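Notes for the one structure printed next.
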Amino acid sequence: MSTTSQARQRIDSLLDQNSFVEIGAKVRARNTDFDLKLTETPSDGVITGYGVINGNLVYVYSQDASVLNGTVGEMHAAKIARLYDMAIKMGAPIIGLVESAGFRLQEATDALNAFGNIYLKQATASGVIPQITAIFGNCGGALAISSAMSDFTFMEEKKAKLFVNAPNCIDGNSESKCDTSAAAFQAKETANVDVVADEATLIEKMRELVSVLPQNNDGEGFFEECEDDLNRVCSSLKASVADPAIALSQISDNAFVFETKSEYAPEVVTAFIKLNGATIGVVANRTVKYDENGEVAEKFEPLMTAKGCDKASEFVTFCDAFEIPVLTLTNVKGFKACECCEKKIAKASAKLAYAFANASVPKVNVIVGEAFGSAYVCMNSKGVGADITIAWPDAKIGSMDAKLAAKIMCDGKGADAIDECAKAYEACQNNVMSAAARGYVDEIVEPEDTRKYVIGAFEMLYSKNDMSPIKKHGTV
């Protein structure tokens, strides 16, 4: 199988059968420097067009590595830019299937300007239509920036390479020492990649994601007929809530869960689920991660990290842009205390608080464990704008753990006095009833009834219209 057929085959695998219509098939490179005029450049190395995924219109470009290694030059970029113009006008997602050596060196400044034009189109499209990039081969330098400007990035697990600087160009490093371009590194150590898988699975996951996202920012979100029982009891929810990736499958319609950036900052889960047929974005704190065999793979303290805050704030911002309601499952007692985290946590947590406060979509918070201090405030608390706050009966809500608070308030006193103070503080300040008495909790529900109460809350919030003060944009 040739690389040319591979570029087209990826499109055919992604789209509904026989739905692809190619645009610009006759385009060729204009530049003739360095013997380019002697080189055949069919479609100038990128196949562009449109089709449907489960009946939904999408625009697609697929880079052809058999044509000048898929390098991006003037006409190559012009085709992608034109596709963006059409996608924005029609209000449909755009998907890039990437395999390219980057700049076309023979075209020099034309290639530089071409990339700038792609970035401009991506910036214009941001928050207007979903942008998805899938990397199957090289995606380096300027293309890595383009990938990062997308809303979601998929990466083939073995052959794909994503980098601004190649591993061998990093001082003191080599590819054999640490392959910073590999999918495993990019997924775990950076916030660049949402899904890593083999090519067939990658394409199937893209189809799945497109099928639950709104076409654009001008609609009412994605809805489909719900065949699941809206009042279904989730009897195992409390036992599995330590790993929201599992717990969410119990809450969601027909167990649907699409997790994003699962390897990055795993102490926070970001995912899409379905409730009564509607797509809902979820941010949840995690204390245990189970592997595919149901064994404990990793444990976490209920603490927010800088990486977790960044992951969550980016996800909430996307949901808000496309009118996707947001649900949070909160179990957090503070911020992680370490030198590395301290360098970034103030700004990262500020962005998280801003993302929740700024989001005008329906927001529901379910407190499933601890909810202490400013870390809780940042996690979609009533104070930063949650529309409905639900808590489980044994939830703890307050400024800090009662024992620690007692040690501070009773400094210099004996152990008995501290223990007595801690008991009093627990009863007076940290229990869910005291928070409900002050209006910070709207409903106290049993864990197994969470699904029906959350669905009811979002149904009530369906017509929410939150008008913010007129401004160009925030600066956080």
Side-chain angles (χ1 to χ4, degrees), residues 14-15 21 23-24 46 48-62 77-98 114-134 143 145-154 191-192 194 206-223 258 260 270 272 278-281 313-326 351 354-356 358-363 464-468 470-476:
L14 177 66
L15 303 181
V21 178
I23 300 171
V46 62
T48 56
Y50 61 92
V52 295
I53 293 178
N54 290 330
N56 300 305
L57 175 66
V58 295
Y59 290 82
V60 184
Y61 66 88
S62 181
K79 291 180 67 177
I80 295 174
R82 184 188 175 204
L83 203 68
Y84 262 93
D85 287 336
M86 296 183 72
I88 293 169
K89 287 178 184 178
M90 306 317 302
I94 187 165
I95 303 171
L97 310 179
V98 173
F115 264 111
N117 198 20
I118 291 175
Y119 298 160
L120 177 62
K121 298 300 182 183
Q122 287 187 278
T124 303
S126 183
V128 178
I129 55 172
Q131 301 178 64
I132 297 171
T133 297
L143 268 175
I145 298 171
S146 178
S147 167
M149 290 183 74
S150 300
D151 297 308
F152 301 97
T153 297
F154 293 69
N192 296 331
D194 291 280
M206 278 191 286
R207 286 180 57 86
E208 185 179 316
L209 178 61
V210 170
S211 297
V212 300
L213 291 180
Q215 288 285 94
N216 53 63
N217 68 338
D218 196 31
E220 296 180 338
F222 178 86
F223 296 90
F258 189 102
T260 66
T270 54
F272 295 109
T279 297
I280 306 293
S313 60
E314 181 181 303
F315 183 79
V316 172
T317 299
F318 173 84
C319 290
D320 187 48
F322 290 95
E323 295 297 330
I324 300 172
V326 175
K351 287 183 177 179
Y354 177 82
F356 277 119
N358 190 58
S360 60
V361 295
K363 294 172 287 188
K464 178 183 175 182
N465 185 8
D466 190 359
M467 299 300 293
S468 299
I470 296 175
K471 59 182 176 181
K472 188 173 182 180
H473 55 73
T475 60
V476 179

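Below, each value reflects all heavy atoms present in this structure, side chains not excepted, and no hydrogens, waters or symmetry copies. Just so it is clear, the model here is predicted, and its values are computed rather than measured.
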What one should report as the nearest heavy-atom pair of N217 and A321 is CB-O, 3.4 Å

Do F356 and V316 have side-chain heavy atoms sitting under 4.5 Å apart? yes

If you measure from CG on L57 to CE on M90, what distance do you get to the nearest 0.5 Å? 7.0 Å

Go through the steps for S211 and I53 under the test side chain to side chain contact (heavy atoms under 4.5 Å, CB included), then give the verdict. CA-CA 7 Å; S211 297; I53 293 178; 4.0 Å; yes

Hey, is the main chain of V46 close enough, under 3.5 Å, to the side chain of K79 for a donor-acceptor pair? yes

Ring pair (Phe, Tyr, Trp, His ring centres under 6.0 Å) between F152 and F318, intermediate numbers included: CA-CA 10 Å; F152 301 97; F318 173 84; 4.9 Å; yes

Where the side chain of D194 meets the backbone of T260, is there a donor-acceptor pair that is under 3.5 Å apart? no

Measure the shortest side-chain to side-chain distance between I95 and T133 over non-hydrogen atoms and say whether it is less than 4.5 angstrom. no

Does R207 use its side chain to pair, donor to acceptor, with the backbone of L14 at less than 3.5 Å? yes

Is a donor on one side and an acceptor on the other found under 3.5 Å between the side chain of T48 and the backbone of I23? yes

Minimum-distance pair of heavy atoms, taken over all atoms of S313 and A355: O-CB, 3.8 Å

OH of Y84 to CG of L120: how many Å apart, nearest 0.5 Å? 11.5 Å

Side chain proximity check, I94 to V58, heavy atoms < 4.5 angstrom: no

Could you report the tightest heavy-atom contact between F258 and E208, atom names first, then the distance? CD1-OE2, 3.3 Å

Heavy-atom pair of closest approach, residues G474 and Y354: CA-OH, 3.1 Å

Quick one: OH on Y59 to CD on Q131, what's the gap to the nearest 0.5 Å? 14.5 Å

Just by modelled atom types, is the A92 backbone N or O under 3.5 Å from a matching donor or acceptor in the N216 side chain? no

Just by distance, do the side chain of K363 and the backbone of A359 share a donor-acceptor pair under 3.5 Å? yes

Do D151 and E314 touch side chain to side chain, with heavy atoms closer than 4.5 Å? no

Measure the shortest side-chain to side-chain distance between M149 and S126 over non-hydrogen atoms and say whether it is less than 4.5 angstrom. no

Value rounded to 0.5 Å, distance of CG in L209 from CZ in F154: 4.5 Å

Does the side chain of I145 reach to within under 4.5 Å of the side chain of F115, using non-hydrogen atoms? no

Tell me, do V361 and D320 make a side-chain contact under 4.5 Å, heavy atoms counted? yes

Hey, are the side chains of Y50 and L15 touching, using non-hydrogen atoms and a 4.5 Å cut-off? no

Using atom types as modelled and distance alone, determine if a side-chain donor or acceptor of S147 lies under 3.5 Å from a backbone N or O of L143. no

Going through the checks in order, is the side-chain hydrogen bond (donor to acceptor under 3.5 Å, both in side chains) test met by N192 and T153? CA-CA 7 Å; N192 296 331; T153 297; over 6 Å; no

Please report the shortest heavy-atom distance between Q215 and P93, naming the atom on each side. OE1-CD, 3.4 Å

Look up atom CG in N56 and atom CG in L213, then write down how far apart they are to the nearest 0.5 Å. 10.0 Å

Taking S146's backbone N and O only, do any of them form a donor-acceptor pair with Q122's side chain (distance below 3.5 Å, no angle check)? yes

For residues L83 and G49, report the shortest heavy-atom separation together with the two atoms involved. CD1-O, 3.6 Å

Hey, does the side chain of T279 reach the backbone of V212 with a donor-acceptor pair shorter than 3.5 angstrom? yes

If I take atom CD1 from residue I324 and atom SG from residue C319, how far apart are they, to the nearest 0.5 angstrom? 4.5 Å

